[in-house]
**Q** 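Quick one: the structure is below, questions incoming.
Predicted model, so just to flag it, every value in this text is computed and none were measured.
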Amino acid sequence: MKESLEIEEQLEGRAYWIEGTTRGDGALHRHDELELNLVVGGAAEYLIDGERVSMRQGTLLWLFPSQNHALSGSSEDFQMWVYVFRPGLLDRACKTDEFRELRRAEPLRRVFTQLSLAAFESLRDLCERAGRAFSENADLFNASIRYLLLSAWQETLGRDSESLRSEALHPGVFKAALSLCRDPAIRSLSGLARQVGMSSEHLSRLFKQQMGQALSDYRSEQRFRKFKELYSAGGSMNMLEASLAAGFGSYTQFYRIHVKMTGKAPSEVRRGS
């Protein structure tokens, strides 16, 4: 699905700060803008064009306009800066051979890397400065993200992307993971297997092998992510309503997963935390 990002006319791009397990609907999407992701803390996984990429603190990941992607899971302490850059900015800023690849619709290679501590701290500081400018001054923000763009690409070039874990997924496993991201309330895993064209046994075995966890556990994590999204600060649902809407079959089931995911009983957690 091609997504249209809302970027104010006077801006050359946009900054996003993502944390915890709260995020969008998990749908596979792409957009005209080049995207830069810098993981500041915790861990997460992206599904990108049939491949799973695991990220941790210091991971730098680029997503090009042709690449369909979805954030499929993240830890409670996950933190990440996301920057998107208008095509016009790329045309003006990336004219030399070193940077021209950034103007492509699709990358020439898998473009992700694990930064050294010094490089990570430097780019994190640039992201923070640009993030402050985003809400304060359009001209300063535009100048900041241009420098961030070029600096981050220089750090990417020549680094060994194989230090990060990535794996090509079976099409059925990829489709099943995306389905559960979009709709964690799916109750029948055998029905899900039929939907992706696999037997229940084959899907369960291959999913655990390639995704590193049981299909039912992945579904529980997605339901918990959806619960947190529904039970966020200012939400109108109470805890029971939010847990049932997220797909948990009962409060007892939700309680067990909550303790497993957080180490705390639901009653110990305040709304929005």
**Q** Hey, mind stepping through Arg146 and Leu89 against side chain to side chain contact (heavy atoms under 4.5 Å, CB included) and telling me if it holds?
**A** CA-CA 8 Å; Arg146 179 169 179 158; Leu89 170 61; 4.2 Å; yes
**Q** Membership question, hydrophobic clusters at under 4.5 Å side-chain separation (ILVMFWY): are Leu108 and Leu150 in the same one?
**A** no
**Q** State, to 0.1 Å, how close Lys228 and Glu76 come at their nearest heavy-atom pair, and which atoms those are.
**A** NZ-OE1, 3.2 Å
**Q** I need the Ser204 OG to Leu215 CG distance, nearest 0.5 Å.
**A** 5.5 Å
**Q** Does the distance from a Lys or Arg side-chain N to an Asp or Glu carboxylate O, for Arg205 and Glu201, drop under 4.0 Å?
**A** no
**Q** Tyr147: which residues meet the side-chain contact (heavy atoms from CB on, under 4.5 Å) condition with it, sequence neighbours left out?
**A** Leu126, Ser151
**Q** Kindly give the heavy-atom pair with the smallest separation between Arg187 and Gly247, and that separation in Å.
**A** NH1-O, 3.3 Å
**Q** Which residues satisfy the side chain to side chain donor-acceptor pair (under 3.5 Å) test with Trp62, sequence neighbours excluded?
**A** Thr156
**Q** Distance-only, no hydrogens or angles: does the Thr113 side chain make a donor-acceptor pair with backbone N or O of Leu115 under 3.5 Å?
**A** no
**Q** Would you list the pairs meeting salt bridge (Lys or Arg N to Asp or Glu O under 4.0 Å) in which at least one residue belongs to residues 85-102, sequence neighbours left out?
**A** Glu12-Arg92, Asp91-Arg103, Asp97-Arg100, Glu101-Arg109
**Q** Among residues at least two apart in sequence or on other chains, which ones pass side-chain contact (heavy atoms from CB on, under 4.5 Å) with Asn68?
**A** Leu28, Arg30, Asp49
**Q** At their closest point, which heavy atom of Ala176 faces which heavy atom of Leu192, and how far apart are they?
**A** CB-CD2, 4.1 Å
**Q** Kindly say whether Gly249 contributes a backbone atom to a donor-acceptor pair with the side chain of Gln253 at under 3.5 angstrom?
**A** yes
**Q** Would you mind reporting whether Leu169 and Leu47 have side-chain heavy atoms less than 4.5 Å apart?
**A** yes
**Q** Who passes side chain to side chain donor-acceptor pair (under 3.5 Å) against Gln213, sequence neighbours left out?
**A** Glu221
**Q** With sequence neighbours left out, write down each residue that passes ring pair (Phe, Tyr, Trp, His ring centres under 6.0 Å) with Tyr251, or none if nothing qualifies.
**A** Phe254
**Q** Decide yes or no for Trp81 and Glu128: does some side-chain heavy atom of the first lie under 4.5 Å from some side-chain heavy atom of the second?
**A** yes
**Q** Between Leu36 and Val82, is there a side-chain heavy-atom distance shorter than 4.5 Å?
**A** no
**Q** Quick one: does Tyr83's side chain get under 4.5 Å of Arg14's, heavy atoms only?
**A** no
**Q** Any donor-acceptor pair under 3.5 Å linking the side chain of Arg104 with the backbone of Phe64?
**A** no
**Q** Kindly write out the residues that satisfy side-chain contact (heavy atoms from CB on, under 4.5 Å) with Arg219, not counting sequence neighbours, or none if the list is empty.
**A** Leu180, Leu189, Arg223
**Q** Over all heavy atoms of both residues, which pair between Gly172 and Leu203 is shortest? Give the atoms and the distance, please.
**A** O-CD1, 4.1 Å
**Q** So, taking the atom named CZ in Arg56 and the one named OG in Ser75, what distance separates them when rounded to the nearest 0.5 Å?
**A** 13.0 Å
**Q** Among residues at least two apart in sequence or on other chains, which ones pass side chain to side chain donor-acceptor pair (under 3.5 Å) with Glu35?
**A** His31, Asn37, Tyr46, His69
**Q** Yes or no on side chain to side chain contact (heavy atoms under 4.5 Å, CB included) for Val173 and Val196, after CA distance, side-chain angles and deciding distance?
**A** CA-CA 8 Å; Val173 172; Val196 303; over 6 Å; no
**Q** Quick check for you: to the nearest 0.5 Å, what is the distance between Ser188 atom OG and Gln195 atom CD?
**A** 10.0 Å
**Q** Is there any salt bridge (Lys or Arg N to Asp or Glu O under 4.0 Å) pair reaching into residues 207-218, and which pairs are they, with sequence neighbours excluded?
**A** Asp217-Lys260
**Q** Hey, could you give me the NE2/OG distance between His258 and Ser243, rounded to the nearest 0.5 Å?
**A** 10.0 Å
**Q** Report yes if the side chains of Leu230 and Glu241 come closer than 4.5 Å at any heavy-atom pair, otherwise no.
**A** no
**Q** Can you measure from CG (Leu63) to CD1 (Ile48) and round to the nearest 0.5 angstrom?
**A** 5.0 Å
**Q** Quick check: do Val40 and Met80 have side-chain heavy atoms less than 4.5 Å from each other?
**A** no
**Q** So, using side chain to side chain donor-acceptor pair (under 3.5 Å) as the criterion, who are the partners of Ser4 when residues are at least two apart?
**A** none
**Q** Should Val84 and Leu34 be marked as a side chain to side chain contact (heavy atoms under 4.5 Å, CB included) after you check the CA-CA gap, both sets of side-chain angles, and the distance that decides it?
**A** CA-CA 6 Å; Val84 293; Leu34 176 71; over 6 Å; no
**Q** Show the nearest heavy-atom pair for residues Gly58 and Gln114, with the distance to one decimal.
**A** C-NE2, 3.4 Å
**Q** Once side-chain contact (heavy atoms from CB on, under 4.5 Å) is applied, do any residues pair with Leu244, and if so which ones, sequence neighbours excluded?
**A** Leu240
**Q** Given the rule in the side chain to side chain contact (heavy atoms under 4.5 Å, CB included) test, do Trp17 and Gln79 qualify, once you have shown the distances and angles that lead to the verdict?
**A** CA-CA 7 Å; Trp17 173 251; Gln79 296 179 318; 3.6 Å; yes
**Q** So, do Phe227 and Phe248 have ring centers that fall under 6.0 Å from each other?
**A** no
**Q** Answer yes or no: does atom CZ of Phe99 have more than 12 heavy-atom neighbours from other residues, nucleotides or ligands under 6.0 Å?
**A** yes
**Q** Looking at CZ of Phe85 and SG of Cys94, how far apart are the two atoms once the value is rounded to the nearest 0.5 Å?
**A** 9.0 Å
**Q** Mind checking whether Gln210 and His170 have side chains closer than 4.5 Å, heavy atoms only?
**A** yes
**Q** For residues 129-137, please give each side-chain donor-acceptor pair under 3.5 Å, one per line with the distance, not counting sequence neighbours.
**A**
residue, atom, partner, partner atom, Å
Ser135, OG, Arg132, O, 3.3
Asn137, OD1, Asp139, N, 3.0
Asn137, OD1, Leu140, N, 2.8

**Q** Does any part of the side chain of Phe78, heavy atoms only, come nearer than 4.5 Å to the side chain of Val39, both counted from C-beta?
**A** yes
